[in-house]
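Some notes on the structure that comes next.
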Amino acid sequence: MPEVLKAPLVLEFPFTRSLGPVQSAFLTGLRERVVLGVTTTDGRTLVPPVEYDPVTADELHDLVEVAPTGTVTTWAWNHAPRRGQPLATPFAWVLVRLDGADTALLHALDAPGPDAVHTGLRVRVRWAEERTGAITDIACFEPYDGDEAHRPAGHSGEFENAVTGIVAPARLDYVYSPGRAQSAYIHALAEQRNVGERCPSCRKVYVPPRGACPTCGVATSEQVEVGPRGTVTTFCIVNIKAKNLDIEVPYVYAHIALDGADLALHGRIGGIPYDQVRMGLRVEAVWTEGGRYPDHYRPTGEPDADYDAYKELL
Amino acid sequence: MTSEEASGPRDIAVVAFAQTDVLRTTDEISEVEMLMPVLHQVLDRTGLKTADIGFTCSGSSDYLAGRAFSFTLALDGVGAWPPISESHVEMDGAWALYEAWTKLLTGDADTALVYSYGKSSPGSVRDVLTRQLDPYYVAPLWPDSVALAALQAQALIDAGDTDEPALAAIGARSRRVATLNPHAQRRGSVPQGEYVVRPLRVGDCPPVGDGAAAVILAAGERARELCSRPAWIRGVDHRIEAHALGVRDLTDSPSTRLAAEHAGAFERPVDTAELHAPFSAQEVVLRKALRLDDSVRVNLSGGALAANPMMAAGLVRIGEAAARIHRGESDRALAHATSGPCLQQNLVAVLEGDPR
Ligand SMILES: [Zn+2]
């Protein structure tokens, strides 16, 4: 069996989210070192606050300030912090019910070890030095055995320059493996061969193969060499330059039915002015020096294919 | 319309079930290559062909694959040309089964193929699952799935509902019975291991693995034709709780209890239960919510502590329960599936065999 192909795949995206009035007040409050909750119609105070009561679905808007001190309601010791978590040194995950609140907030607790943490522990907020209006404005909690430090002053929840959105960066790391059929295809491409797979049932040849015949729902198994020449079945002219792509626009992107294949693959057409590309044009793959896949397809100089020869592959 | 249909909702049964072995990695095959053997197995068991299936529904998650619309590639495996009636849920296949069941209830189809799959090996499932959390207050802190389950476990310990040795015993029992399950990933005697996030140790957490499962549903007489002892679905219901963990009582699962009530689970005792409890402490919560005593055989498959293929583990619970009815080892079984942190969403199905 050939070597399993693998490549890193990093998904990274700064999710930009707008805030509703309650979330905006809460996160702006954190920026100003004020913790706000929201009062429900049955008199409970939810911290962190939400816009709709999780029990009754009532719309909520009555903000109330709570203390930056509270009590741990449950905890878990995290001896090996992971990327993105609030502290880089071992810490406890905690749910904290702040004084004045009826529900608990999830965050990190900076403590010397698990023996220093228990349910019922008194804690207080440690504010981040730079605050932007985000949950991370609370750097973490820390044990605190004093009195209710700062009795809430009864903040109204009105702020100047309230934050109205957050940017939440997300990054996930994967190692992508294309599987049996596509690995065989990619291995062959590196040897400048185009290899498809034939369905044992309907005999169609798929290029690139994905391992299954979408008509018959069975594994494709028999490898079939196709090309190297093919026919343009349809095309489009690209006029906008993609980021990090050093191909001059306009250029042509086409569906190409390689000889012997029952499915057209797609590729760029080069070696001919963009406005002379046409359906039926005969083309062949061009590999660049050391390239593991065709850089583009160029005209072979043969006469155009008859429409009837490729109409089933459009 | 038959008289049976005229008198009330149609009887619908699970008539076939198949699952892959669950493996830590399956680098050498794609999702559709992993899935196809189980699709063929359920079709072979019923003698049905793709073209005979009235409705197809799948469950999976793009976040595991790291690719948008990844489920469309898996559709090649069911033969989606010429066009079929098809749907997809971005969650465990148990919820796809719920959708298929309601489709059959409407009478629009007599048979349904339900499948689900997940490959956790390409990414880090602990990190991937953080992306399902509240994006404003929770996800920016990146609390991973084990950390959240550990908070729930500690809450149970503080409440006196369990302790660390009792949790270890749940994991040990699950892996011991899993020695009889050839598809399970972690079987037999396994050391309880170090803390992952205290109080949960390696043995309290599910193995991370890749796997797929498929089920065929059929209505009324069609079910009897396709299976000698169909597993009739007497009820299915699913419920959800507030997503904010600090609002919930983590030692209880009112959504599971409510789903079970609506599925008819409490009308008569069950003899078998397949619970989707990825973490040992969650079995404690579920047994309490479902009022399961020692007379009920719980997770004879080994459950999610022996194999937890993301997006398929819930459907596997329904499949395992149904297969016991097919084999005559159970007359009335409960199957449970969960999704989200700390048992946020819960589905309960009640299955019965014909009286003997
Ligand atoms: Zn075919």
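Only this structure's heavy atoms are used, side chains among them; waters, hydrogens and symmetry mates stay out. All figures in this text were calculated on a predicted structure; none of them were measured in a lab. So that the names make sense, note that chain A is the first sequence line, chain B the second, and so on, each numbered from 1.
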Counting heavy-atom pairs under 4.5 Å to chain B, which of A/Asn78, A/Val218, A/Thr136 comes out on top? A/Val218
Of B/Leu43, B/Val32, B/Asp144, B/Thr130, the largest count of non-hydrogen pairs under 4.5 angstrom with chain A goes to B/Asp144
Taking all atoms of both residues into account, what is the closest heavy-atom pair of A/Pro214 and B/Asp76, and its distance? CB-OD1, 3.3 Å
Which one, A/Ala92, A/Cys216, A/Gly211, leads in non-hydrogen pairs under 4.5 Å with chain B? A/Gly211
Name the region of A/Pro81, side chain, backbone, both or neither, that has any atom closer than 4.5 Å to a heavy atom of chain B. neither
Side chain, backbone, both or neither: which part of A/Pro8 has an atom under 4.5 Å from a heavy atom of chain B? neither
Residue A/Ala108 versus chain B: region with a heavy atom under 4.5 Å: neither
With a 6.0 Å cut-off on ring centres, are B/Tyr137 and A/Phe26 close enough? yes
Please give me the minimum heavy-atom distance between B/Gln154 and A/Trp75, naming the atom from each residue. CB-O, 3.1 Å
In terms of heavy-atom contacts, B/Leu151 and A/Ala76 come closest through CD2-N, 3.7 Å
Minimum heavy-atom distance between A/Arg210 and B/Ser30, given as atom pair plus value: O-OG, 4.3 Å
Under 4.5 Å from a heavy atom of chain B, the part of A/Arg97 involved: neither
Less than 4.5 Å to any heavy atom of chain B: does that hold for the side chain of A/His107, its backbone, both, or neither? both
With distance as the sole test, does B/Glu33 use its side chain to make a donor-acceptor pair with the main-chain N or O of A/Gly179 at under 3.5 Å? no
